[in-house]
Each structure stands twice: as C-alpha cells, then as structure tokens.
2 protein chains.
Amino acid sequence: MEFKEAKNKFVQTWGALGSQWGINKTMAQIHALLMVSNEPVSMEDIMEELQISRGNASMNLRALMDWGIVYKEYKAGERREFFTAEKDLDELAVKIARERSKREIKPALKILKEVSSIEAKESSEEEKHFVDQTSKLYDFVLKADNMLDKMTEFNENWLGRLVLKIMK
Amino acid sequence: MEFKEAKNKFVQTWGALGSQWGINKTMAQIHALLMVSNEPVSMEDIMEELQISRGNASMNLRALMDWGIVYKEYKAGERREFFTAEKDLDELAVKIARERSKREIKPALKILKEVSSIEAKESSEEEKHFVDQTSKLYDFVLKADNMLDKMTEFNENWLGRLVLKIMK
DNA sequence: ATAAAGTTTCATTTATTTTTGAAAGTTTAA
DNA sequence: TTAAACTTTCAAAAATAAATGAAACTTTAT
C-alpha cells in the first residue's frame with residue numbers, strides 16, 4: 001500500500017466511524033485529513049481532496065472549531081485561511097468528552113431527574129418500578145459523567161495513568 | 001407531571017439520545033419502554049405505545065436481542081411472545097461496550113494498523129507525519145479499548161469501583 | 001393435515017440528514 | 001471607496017436511513 005492509498009483509507013475509515021457515533025461523515029473526514037497533515041490546509045485543498053462543496057466544507061469546519069478540535073491559522077502574506085487539527089490525542093479525547101457531556105449528557109440528566117421525581121403516592125407497582133428504575137439510571141449516568149470530568153482533570157496522559165490504576 | 005406523561009418523556013428522551021449516538025430512534029425507544037416496565041411486554045403493546053408498525057417493532061426487537069440487552073420471554077398458557085430489557089445498568093453498560101468494541105472499534109483498529117504500516121522509506125515529511133500520527137492513534141485506541149475490556153472484567157458495580165480508584 | 005395465531009422479511013415509501021450552489025457578506029490592499 | 005479574493009449562509013436538491021405493510025413463513029392446537 002502506498003501513501004496516497006493509505007491516507008485515503010484512513011480518511012474513509014474515520015468518516016465511517018464518525019457516522020456510527022453520530023458525527024456526520026464529512027465532519028469526521030475533514031478532521032481525519034487535518035489530523036494527518038503535517039501542515040495547515042486551506043479550504044480549497046480540503047474541498048479538492050474530499051470532493052465536497054465549498055458550503056459543506058465551510059459549515060463542517062465551523063462545527064469542528066465549535067467543538068474546539070480544529071483551529072484556524074493565518075499564514076504570513078497569505079490572504080486565505082488555513083486549518084489545523086488538535087493532534088494531541090489526550091487533549092482531543094478530553095475535548096470531545098466535554099462537548100458531548102455538555103450537549104447531550106447534561107440535558108438528558110435534567111430530564112431523568114424530572115421524570116424520576118413524579119409524585120409516586122398513588123403508586124401502583126408499575127409507577128414504583130418506573131421511579132425506581134429512572135432514579136437508578138439518573139445515578140448511573142451522573143456517576144459516569146462525573147467520572148469523565150475527573151478524567152479530564154487528570155490532564156496529561158490521563159488514559160495511560162488510568163490504565164495503570166485499573167491494572168493495579 | 002403524572003406517570004403517563006413522565007413515561008412518555010423518558011421514552012422520547014432516550015430515543016433522542018440514542019440517535020445522537022448512532023442508535024436508531026425506535027430501537028432506543030423500545031429499549032426505554034422495556035426498561036421501565038415492571039413486567040414483560042408483548043409486541044402488540046409495544047406497537048401500540050410507540051405507534052409503530054409490526055415490521056419495525058419486529059426488526060428492532062431482533063436487533064436489541066442481538067445486542068444482548070433485550071430478552072424474549074414466554075408466559076405459561078400464552079401463545080404470544082413477551083419481551084424484557086436487561087435492567088441491571090452495570091450489565092447493560094458492559095454489553096453495550098462489548099458490542100460496540102466488537103462491531104466498530106476492532107475493525108477500525110485493524111485498518112489503523114494497516115495504514116500505519118506503509119513502507120515509509122521514500123519518506124517525505126508528510127509521509128513521516130502520517131505514519132507517526134496513525135501509529136499514535138492506533139496505540140491510543142488500543143489502550144482505550146483494552147481499558148473497556150478491563151472494566152467489563154471488574155464485573156459487579158465496576159463503575160462505582162472505578163470512581164473510587166480515580167478519586168483516590 | 002389444517003387453520004388460526006403469531007412472527008419475520010423485504011421491496012417500496014416516507015422521513016431525516018446531509019450536501020450543494022449561488023447569493024450575500026467580509027476583509028484587505030491599493 | 002472600490003473591487004478582488006475569499007468565506008458564510010441557507011433554501012432547495014440529493015443522499016441516506018428508517019418505517020411501513022402485505023406476503024411469506026412458523027408454530028401450535030385440534
């Protein structure tokens with residue numbers, strides 16, 4: 001396998017993986033492309049390499065920057081904007097975890113709290129079970145979310161350190 | 001908020017959360033419904049509650065069973081089949097982690113290994129960076145995947161125990 | 001064996017998500 | 001200030017994913 005083929009395979013794979021985890025394919029592909037580029041890439045080049053439209057490139061780059069995992073760069077004497085990806089994997093994982101927590105887990109927790117707090121006085125077995133189960137779910141998700149927070153506080157190389165701890 | 005409303009809200013929320021993580025909405029909704037039901041539910045009832053077709057119900061129940069998080073049950077003297085969800089949350093998380101690892105992470109690792117192993121002899125800076133970055137990614141994903149494995153070996157209440165370890 | 005009760009499958013339809021492309025908006029240099 | 005170079009926005013189109021429903025299939029009781 002030669003370089004170009006390998007690069008393409010990587011970009012496609014990362015894109016597919018993204019889809020399966022609820023991140024749109026192009027967004028994941030752009031990220032993949034930037035991750036393996038040793039220098040900043042222009043929007044033009046991204047469009048060219050991925051065969052996508054200007055609008056698509058623009059919107060997904062914006063989304064990646066909102067996630068905090070892609071940065072805009074300016075080159076001296078160049079009018080165009082260039083883009084780079086966060087390349088430190090620990091940092092990348094932390095940022096993704098933070099964003100998903102903020103956007104998805106936190107709102108879900110709020111709902112779980114609400115629904116698990118219904119007045120369970122006129123309680124059939126059915127209602128009791130509902131309150132019990134959603135409360136447990138709330139506790140579980142909260143615990144998992146807090147764990148993520150803790151991990152992100154670990155800073156440098158938290159994954160390696162965590163593995164050590166677990167292996168103990 | 002009364003029971004019926006809370007239940008509906010929970011099912012909707014779980015469904016939306018599923019979508020965001022690459023699990024189809026109905027599949028997540030059926031799972032939610034079964035999670036909070038204190039007794040086995042027939043396909044008929046699932047169709048009724050979620051307002052979905054027989055085919056849809058059948059296929060998503062099958063998928064949930066393939067994931068190992070929903071079980072078929074038979075009631076004495078009843079011709080129909082009934083369904084229940086795995087209700088132990090530790091067990092649920094372990095099963096979901098195992099399946100996603102098997103279906104998505106493992107194949108991705110295989111590709112990462114391939115593309116990071118290209119002959120980097122005629123190596124431009126560009127190629128060197130590609131090999132370096134994909135190798136790091138391989139190591140990272142492998143480590144994370146192994147950690148999941150370890151966690152699932154913890155068995156009972158692994159999340160709680162893990163939190164303790166991390167807090168240390 | 002057969003028919004009733006129930007389940008699964010899958011080609012087609014429907015809904016959702018993503019992408020395009022052209023117009024509007026910005027920025028910069030002269 | 002203007003016009004060239006570049007970016008963003010968003011309504012409409014295209015692509016993708018999910019749902020329907022009717023026919024085929026299975027199981028069970030008689």
Side-chain angles (χ1 to χ4, degrees), chain A residues 11-34 40-67 70-84 100 103-104, chain B residues 11-34 40-67 70-84 100 103-104:
Chain A
V11 170
Q12 295 307 123
T13 304
W14 207 238
L17 205 57
S19 305
Q20 287 170 318
W21 286 82
I23 283 128
N24 105 38
K25 192 183 63 178
T26 305
M27 185 169 155
Q29 286 181 340
I30 294 178
H31 181 249
L33 192 61
L34 296 178
V41 184
S42 70
M43 197 154 94
E44 213 64 47
D45 288 346
I46 292 170
M47 289 162 57
E48 168 64 26
E49 281 221 50
L50 301 180
Q51 290 291 304
I52 57 173
S53 71
R54 188 172 293 288
N56 196 5
S58 173
M59 291 186 103
N60 283 113
L61 279 167
R62 143 87 44 204
L64 284 163
M65 289 187 293
D66 289 347
W67 276 64
V70 160
Y71 314 112
K72 216 180 246 190
E73 292 202 0
Y74 298 93
K75 279 191 184 172
E78 270 277 15
R79 179 74 163 278
R80 289 174 303 167
E81 298 174 335
F82 291 80
F83 301 89
T84 350
R100 296 209 85 145
R103 297 177 193 212
E104 295 150 17
Chain B
V11 169
Q12 295 307 123
T13 303
W14 207 237
L17 206 58
S19 304
Q20 287 170 318
W21 289 82
I23 281 129
N24 106 38
K25 193 184 62 176
T26 304
M27 188 168 151
Q29 286 181 342
I30 294 177
H31 181 249
L33 191 62
L34 295 179
V41 184
S42 70
M43 197 154 94
E44 212 65 47
D45 289 346
I46 292 170
M47 289 163 56
E48 169 64 24
E49 281 222 51
L50 301 180
Q51 290 292 305
I52 58 173
S53 71
R54 186 172 294 287
N56 196 5
S58 173
M59 291 186 103
N60 283 113
L61 279 166
R62 142 87 45 204
L64 284 163
M65 289 188 292
D66 288 347
W67 277 64
V70 161
Y71 315 112
K72 214 179 248 190
E73 292 203 359
Y74 298 94
K75 279 191 183 172
E78 268 278 12
R79 177 76 162 277
R80 290 176 302 167
E81 298 174 336
F82 291 81
F83 301 89
T84 353
R100 295 209 88 143
R103 297 178 193 212
E104 294 150 19

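Proteins get letters first, then strands, A, B, ... in listed order; numbering begins at 1 in each.
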A:K25 NZ to D:dA15 P, in whole Å, measures 11 Å

Minimal heavy-atom distance between B:G15 and B:A28, with the atoms involved, is CA-CB, 3.8 Å

- Distance under 6.0 Å and angle within 45° of the ring axis: does B:R100 meet both against A:W21? yes

### Query
Any chance CD of A:E73 has more than 12 other-residue heavy atoms, nucleotides or ligands included, within less than 6.0 Å?
yes

**Asked** So, is B:K72 close to the C:dT8 phosphate, meaning a side-chain N or O under 4.0 Å from OP1 or OP2?
**Response** yes

Contacts of B:I23 and B:G55 projected onto DNA chain D by closest heavy atom; the upstream (5') one is B:I23

Determine whether any donor atom in the side chain of A:R54 lies under 3.5 Å from an acceptor atom in the base of C:dT20, or the reverse, and answer yes or no.
no

* To do: May I ask you to evaluate whether A:T26 reaches the phosphate of C:dT19, defined as a side-chain N or O under 4.0 Å from OP1 or OP2?
  => yes

Here the distance between atom C1' of D:dG21 and atom CE of B:M47, to the nearest Å, is 10 Å

Is the number of heavy atoms from other residues, nucleotides or ligands within 6.0 Å of CD (B:E78) greater than 12? yes

A:R80 atom CZ is separated from D:dT7 atom P, nearest whole Å, by 8 Å

Counting only side-chain nitrogens and oxygens, does B:N24 get under 4.0 Å of the OP1 or OP2 atom of D:dA19? yes

Whole-Å distance, B:E44 CD to D:dG21 C1', equals 14 Å

B:N56 CG to D:dA17 C1', in whole Å, measures 12 Å

* Asked: Is there a side chain to side chain contact (heavy atoms under 4.5 Å, CB included) between A:R54 and A:M47 once you walk through the steps?
  -> CA-CA 7 Å; A:R54 188 172 293 288; A:M47 289 162 57; 3.9 Å; yes

- [ ] Report which part of the nucleic acid B:R79 touches: base, sugar-phosphate, or nothing (heavy-atom distance under 4.0 Å, all strands).
- [x] base

Whichever of B:E81 and A:N60 has the more 5' nearest nucleotide on DNA chain C, that residue is B:E81

When you measure from the side-chain N and O atoms of B:S58 to the phosphate of C:dT9, is any distance below 4.0 Å, counting only OP1 and OP2? no

When rounded to whole Å, the CZ to P distance for the pair B:R62 and D:dC25 reads 17 Å

When rounded to whole Å, the CE to P distance for the pair A:M59 and C:dA22 reads 17 Å

Separation of C:dT20 atom C1' from A:L50 atom CG, nearest Å, is 15 Å

